[in-house]
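Heads up, the thing below is written out as structure tokens.
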Amino acid sequence: MADLDKPTETKDFHLDIQQRSEAFFLKGSNCLDWGMKNRLARIFNAQSGKTVMLAIDHGYFQGPTTGLERVDVNIVPLLPHADTLMLTRGILRSVIPPSYTRGIVLRASGGPSILKELSNEQIAMDIEDVLRLNAAAMAVQVFIGGEHETQSVHNMTRLVDIGNRYGLPTLAVTAVGRDMVRDAKYMRLACRICAELGASYVKTYYVDEGFQTVTASCPVPIVIAGGKKLPELEALRMAYNAIDQGALGVDMGRNIFQAESPALMAQAVRKVVHEGEKPEHAYDFYRSAKVEVAVA
Ligand code: R5P
């Protein structure tokens with residue numbers, strides 16, 4: 001029954017408190033719509049402003065990558081240590097428990113395998129399926145300087161347009177061709193193009209020289225890919241340096257799931273990314289926890 005008989009005077013309208021209007025915590029994202037911000041907050045932790053994305057989408061062009069042969073066995077136990085999972089809809093539907101409630105970033109471009117020209121990608125998902133799977137964002141590969149540069153940029157801008165219609169962020173993944181120089185100049189170019197053309201955030205590679213100029217000149221958040229497997233301490237150093245120089249997270253795959261102890265490596269990466277812990281301390285945690293696990 002409606003509460004009609006209480007006099008207005010007994011209600012408390014907190015007339016002395018002004019309604020607050022807070023800026024959104026994420027770089028370059030304040031003017032986005034509510035749904036877009038809400039989805040980004042399922043990817044980036046609002047307290048630290050950072051994210052540890054676990055990237056397991058490698059199979060979309062290279063098949064059963066080392067460490068990803070059995071996602072059900074090797075990756076599902078890592079889920080509690082990731083803020084976000086980046087993967088294909090095939091693996092999501094077949095293997096990931098629907099009780100997983102953190103952010104999902106769906107690989108939405110594809111086509112060529114490692115046997116062909118990789119830049120020849122097309123959009124590989126319908127927006128309806130992205131929404132059906134309750135994703136937090138779509139990821140699209142962008143090949144600046146690649147043979148099919150324009151096509152890949154158009155894939156991105158089409159996804160940005162569709163995503164904007166439904167409040168779905170688009171992650172632009174900058175792919176660097178084998179024969180291209182991986183330096184700050186290239187990363188600045190690639191990241192800035194993606195941001196200018198509407199990407200909500202950009203994934204790129206860390207470079208030792210001048211990485212801060214890449215993050216400074218990109219008006220939206222940057223996360224770094226891990227790249228090829230490195231010794232654990234080196235991978236933690238890379239993550240630390242990237243965050244220290246303005247990256248807002250990592251989208252790390254092989255350096256976590258190919259580590260000797262993937263769950264501990266994921267936790268060590270979290271310490272660096274979310275707590276700003278020095279790589280040497282995070283590595284100490286990794287090593288000593290590994291010994292404890294071995295002894296137990
Ligand atoms: C390419 O296969 C994907 O975009 C990966 O998600 C990306 O390279 C990150 O994975 P990794 O840290 O293994 O480089």
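Numbering of ligands and ligand atoms starts at 1, following listing order.
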Worksheet item: Counting from 1, what ligand 1 atoms have a heavy atom of Asp251 closer than 4.0 Å?
Response: 9 (C), 12 (O)
Worksheet item: Can you list the ligand 1 atoms lying under 4.0 Å from a non-hydrogen atom of Arg254?
Response: 11 (P), 12 (O), 13 (O), 14 (O)
Discussion item. Checking Tyr286 against Gln267: is there a side-chain donor and acceptor pair closer than 3.5 Å?
Written reply: no
Practice prompt. Assess Lys271 against Phe285: is NZ or CZ under 6.0 Å from the centre of the six-membered ring, and within 45 degrees of the ring's axis?
Written response: yes
Worksheet item: Based purely on interatomic distance, does Lys228 place a nitrogen or oxygen under 3.5 Å from a nitrogen or oxygen of ligand 1?
Response: no
Discussion item. Evaluate Lys203 for polar contact with ligand 1, using N/O atom pairs at a separation under 3.5 Å.
Written reply: yes
Worksheet item: Hey, is ligand 1 close enough to Gly227 that some N/O pair sits below 3.5 Å?
Response: yes
Worksheet entry | Step-by-step salt bridge (Lys or Arg N to Asp or Glu O under 4.0 Å) determination, Arg102 to Asp83 | CA-CA 6 Å; Arg102 294 182 184 171; Asp83 297 308; 5.1 Å; no
Worksheet entry | Per-atom contacts of ligand 1 with Ala55, taking only distances under 4.0 Å to non-hydrogen atoms | 6 (O), 9 (C), 10 (O)
Practice prompt. Heavy-atom distances under 4.0 Å are what count here, so tell me which part of Tyr60 touches ligand 1: side chain, backbone, both or neither.
Written response: neither
Worksheet item: Taking NZ, NE, NH1 and NH2 as the nitrogens, is one of them in Glu280 or Lys278 under 4.0 Å from a carboxylate oxygen of the other?
Response: no
Practice prompt. Say whether Asn255 and ligand 1 are in contact under the criterion: heavy-atom distance to a ligand atom below 4.0 Å.
Written response: no
Worksheet item: Residues two or more places apart in sequence or in another chain: which of them pass side-chain contact (heavy atoms from CB on, under 4.5 Å) with Ser109?
Response: Arg107, Glu121, Val140, Gln141
Practice prompt. Report yes if some N/O of Gly253 lies less than 3.5 Å from some N/O of ligand 1; otherwise report no.
Written response: yes
Worksheet item: Any N or O of Gly226 that comes nearer than 3.5 Å to an N or O of ligand 1?
Response: yes
Worksheet item: Under 4.0 Å from any heavy atom of Met86, which atoms of ligand 1 are there?
Response: 6 (O)
